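Data first, discussion second: the structure below is written as structure tokens.
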Amino acid sequence: MPAITLPDGSVRVFDGPVTGTTVAASIGPGLAKAALAMEVDGQLQDLSREIESDARLRFVTRKDEQALELIRHDCAHVLAEAVQALFPGTQVTIGPAIENGFYYDFHRNEPFTPEDFPAIEAKMREIIARNAGFERVVTTRHEAMALFEEKGEKYKVELIRDLPRGETITLYRQGEWVDLCRGPHMRGTGDIGDAFKLMKVAGAYWRGDHRNAMLSRIYGTAWRDRKELDAYLHQLEEAERRDHRKIGKEMGLFHLQEEAVGSVFWHPKGWRLYRTVEGYMRRRLDEADYQEVKTPQLLDRRLWEASGHWEKFRESMFIATVEDESEKDRVLALKPMNCPCHVQIFNQGIRSYRELPLRMAEFGACHRYEPSGALHGIMRVRAFTQDDAHIFCEEHQIAAETVRFVELLSSIYRDLGFDSFRVKFSDRPAKRAGDDATWDRAEGALKQACETAGVDYVLNPGEGAFYGPKLEFVLRDAIGRDWQCGTLQVDFVLPERLDAEYVAEDGSRKRPVMLHRAILGSFERFLGILIEQHAGRFPLWLAPVQVVVATIVDDAAPFAREAAAALQKAGLSVSLDLRNEKINRKVVDHIDQRVPVLAVVGRREAEERSLVLRRLPGREQETVPLAQAVARLAEEAAAPDLRVATA
RNA sequence: GCCGACAUAGCUCAGCGGUAGAGCAACUGAUUCGUAAUCAGUAGGUCCCCGGUUCAAAUCCGGGUGUCGGCACCA
């Protein structure tokens with residue numbers, strides 16, 4: 001006699017086991033029509049499942065966010081059926097719902113192309129129109145394997161073989177087509193609706209392992225209605241406009257070319273942006289008691305052997321040798337990181353516990369031979385500059401240093417326009433240095449520090465550095481891709497390997513703990529994200545060209561020059577537009593160039609010694625006497641850390 | 001690195017076996033203009049590289065390089 005408690009608190013009692021469909025019908029025809037699935041004691045299930053004992057029940061309708069995942073998952077099944085109908089011999093593998101949509105991985109000798117999409121989508125619509133019910137079939141491992149074996153579905157057979165013993169094996173049937181699936185699903189293919197679209201084809205390794213076969217993946221997006229779909233597609237277009245590679249070109253910030261794959265050519269405006277951020281970072285680090293250093297680019301392999309990098313990362317290091325006969329045995333490597341260098345500085349002389357925590361910072365240029373497929377604009381490059389620092393400290397100082405670091409990072413991110421970010425905690429990887437006891441201590445210390453700092457993190461198992469666990473501070477780019485920017489890594493291994501030590505209070509020699517940390521991560525990556533975050537329309541203090549002084553007539557040129565000089569003297573980045581063009585044209589050009597402030601000078605202004613200020617791309621304008629304009633803009637253009645606090 | 005697509009003027013792109021095109025930018029001249037594109041003219045290209053097919057290749061084929069979308073990688 002199951003008693004079903006509904007979200008409004010009402011209870012319905014049934015004589016025996018009852019399906020969600022029946023319960024919905026007993027409540028009313030409207031709900032019976034709208035219910036797509038149900039949540040039984042918090043667990044999402046098919047509507048057709050029987051409820052045998054007392055339970056809390058909630059129906060999922062199209063209005064629920066949860067419907068999205070069901071629609072996407074169902075859509076993946078329909079895609080697979082459509083593909084197998086159109087391309088016989090194609091094997092199915094897996095097809096989950098993901099953020100914004102779904103994908104399905106197929107094995108087929110011929111890859112799919114986007115030209116196949118119209119036919120596949122048409123077939124999908126056909127299947128959806130047929131509205132076959134999703135039928136859940138509980139089966140045995142043996143039967144399931146026999147079924148897929150017979151169909152020639154090698155990948156499914158492998159999946160079933162690897163399912164944990166004792167797990168219920170279920171199939172879902174939609175008409176004639178059947179897939180191995182845990183469910184749940186909606187009532188039938190008709191519940192999917194028509195708000196879906198196939199987006200792209202891609203290669204993907206079977207089970208995400210590069211040693212396995214390359215499968216052919218089809219990505220799709222699916223929504224609850226056309227309006228949502230259109231909004232999503234529109235949002236994608238908007239995101240493309242923010243792409244740092246596009247904006248970088250449009251604003252003339254940087255370029256990349258074949259002769260220096262993975263290295264950035266910074267143009268004057270891009271470099272100014274870089275320097276603004278670098279200058280800001282330098283001040284923040286000085287203020288936070290870091291000591292800046294500069295260390296060599298090229299170092300003998302001996303150092304990398306001692307640090308352990310030679311053994312683990314040699315294939316991703318750039319190696320340099322010279323022709324000179326007497327030097328022929330010397331192998332140098334471009335530094336892929338700064339840590340061993342910083343230990344060399346730490347190791348000069350004898351350190352005392354009184355010097356700890358010692359925070360050593362460097363804007364360190366590093367080179368890594370990244371896999372060609374990993375390169376991405378200026379976000380993933382082979383030559384980059386880290387805002388690196390190493391904190392040499394005692395074990396008991398880890399927590400306090402972590403708290404300090406998180407506060408510094410949060411404040412800097414906020415100043416740069418990032419109010420939120422995600423934190424991942426990555427623990428010991430399979431390929432690692434150091435014994436388990438050391439790892440236990442390192443992970444424990446970092447976890448405890450997170451608690452003290454009040455950091456909410458997501459566990460990222462097995463993703464730590466080879467020498468220690470790490471926190472990753474993740475920012476999202478315009479296209480929705482996540483990038484690790486900031487990081488904090490606890491390291492007990494490198495000080496040991498490179499023999500760093502200090503004299504403790506009791507006179508004994510001890511190993512310091514090393515905290516590797518970066519806030520921006522690399523300037524290249526961070527600037528890429530910064531460009532996308534602001535869509536190239538930077539706040540005044542970051543803008544590479546802050547003010548353009550534009551003339552209306554040639555007679556205004558002398559005063560325009562004078563005004564530009566005055567603004568420049570006040571520390572602003574100014575450019576003069578004396579071109580023989582109409583003011584309308586100049587306005588358009590500087591909006592395109594994403595200049596934040598346009599100062600227009602005509603005959604009137606030249607006489608009155610004033611500027612007409614206009615915030616681009618806005619339309620409002622204001623006439624301001626030159627001296628006042630200079631003072632006002634200079635104040636506004638001050639970096640956040642240099643601003644005079646006003647009540 | 002793997003799967004797929006793409007590579008033509010500074011930029012955005014058209015041309016897809018028969019002597020290389022457009023718009024914008026650039027340059028020259030005219031115009032001196034009051035806030036979202038003034039007019040006219042000029043110049044600009046080993047059609048990514050190497051090889052092949054062909055009477056003829058930007059175009060077709062093979063190899064390379066780079067870029068893009070994913071996957072894998074990310075000390």
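Naming: A, B, ... by sequence-line order, numbering from 1 per chain. Computed from a prediction, not measured in an experiment: that's the story for all the values here.
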[atom1] atom, [N] versus [M]: distance in rounded Å?
{"N": "B:rC27", "M": "B:rU19", "atom1": "C1'", "answer": "27 Å"}
{"N": "B:rC61", "M": "B:rC16", "atom1": "P", "answer": "15 Å"}
{"N": "B:rA56", "M": "B:rC24", "atom1": "P", "answer": "39 Å"}
{"N": "B:rU8", "M": "B:rU59", "atom1": "C1'", "answer": "11 Å"}
{"N": "B:rA25", "M": "B:rC13", "atom1": "C1'", "answer": "14 Å"}
{"N": "B:rG51", "M": "B:rA57", "atom1": "C1'", "answer": "13 Å"}
{"N": "B:rG17", "M": "B:rA58", "atom1": "C1'", "answer": "10 Å"}
{"N": "B:rA14", "M": "B:rG66", "atom1": "P", "answer": "24 Å"}

Just checking [X]: base, sugar-phosphate only, or nothing, at a heavy-atom cut-off of under 4.0 Å?
{"X": "A:Glu605", "result": "base"}
{"X": "A:Val612", "result": "base"}
{"X": "A:Arg614", "result": "base"}
{"X": "A:Gly308", "result": "nothing"}
{"X": "A:Lys249", "result": "sugar-phosphate"}

State whether [X] and [Y] are salt-bridged, where the test is any N-O pair (Lys NZ or Arg NE/NH1/NH2 against Asp/Glu carboxylate O) under 4.0 Å.
{"X": "A:Glu562", "Y": "A:Arg609", "answer": "yes"}
{"X": "A:Asp499", "Y": "A:Arg511", "answer": "yes"}
{"X": "A:Asp482", "Y": "A:Arg422", "answer": "yes"}
{"X": "A:Glu250", "Y": "A:Lys246", "answer": "yes"}
{"X": "A:Glu608", "Y": "A:Arg603", "answer": "no"}

Inset, instruction - Fit a plane to each ring of A:Phe318 and A:His367, take the angle between them on a 0 to 90° scale, and name the class: parallel (under 30°), tilted (30 to 60°) or perpendicular (over 60°). - result: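 Geometry flag for A:His367 against A:Phe318: perpendicular rings.
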Legend entry - First encountered from the 5' end of RNA chain B, between A:Tyr205 and A:Ser316: A:Tyr205
Can you check nucleotides 23-25 of chain B for protein contacts, nitrogen or oxygen pairs under 3.5 Å, and list what you find?
unit_1 : atom_1 : unit_2   : atom_2 : d
B:rA25 : OP1    : A:Arg585 : NH1    : 3.4
B:rA25 : OP1    : A:Arg585 : NH2    : 2.0

side-chain N/O [X] vs [N] OP1/OP2, d < 4.0 Å:
{"X": "A:Lys582", "N": "B:rC39", "value": "no"}
{"X": "A:Arg603", "N": "B:rC33", "value": "yes"}
{"X": "A:Arg211", "N": "B:rA72", "value": "no"}
{"X": "A:Lys200", "N": "B:rG69", "value": "no"}
{"X": "A:Tyr219", "N": "B:rC71", "value": "yes"}

Inset, instruction - State, without any angle test, whether A:Glu472 and A:Gln489 hold a side-chain donor-acceptor pair at a distance under 3.5 Å. - result: no
Legend entry - Runs of at least three consecutive pairs that involve RNA chain B, where pairs are Watson-Crick or G-U with distances under 3.5 Å: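 Looking at RNA chain B, the stems formed by three or more consecutive pairs are B:1-7 with B:65-71, B:10-13 with B:21-24, B:26-30 with B:38-42, B:48-52 with B:60-64.
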Legend entry - A:Arg525 side chain vs A:Met379 backbone, donor-acceptor pair below 3.5 Å: yes
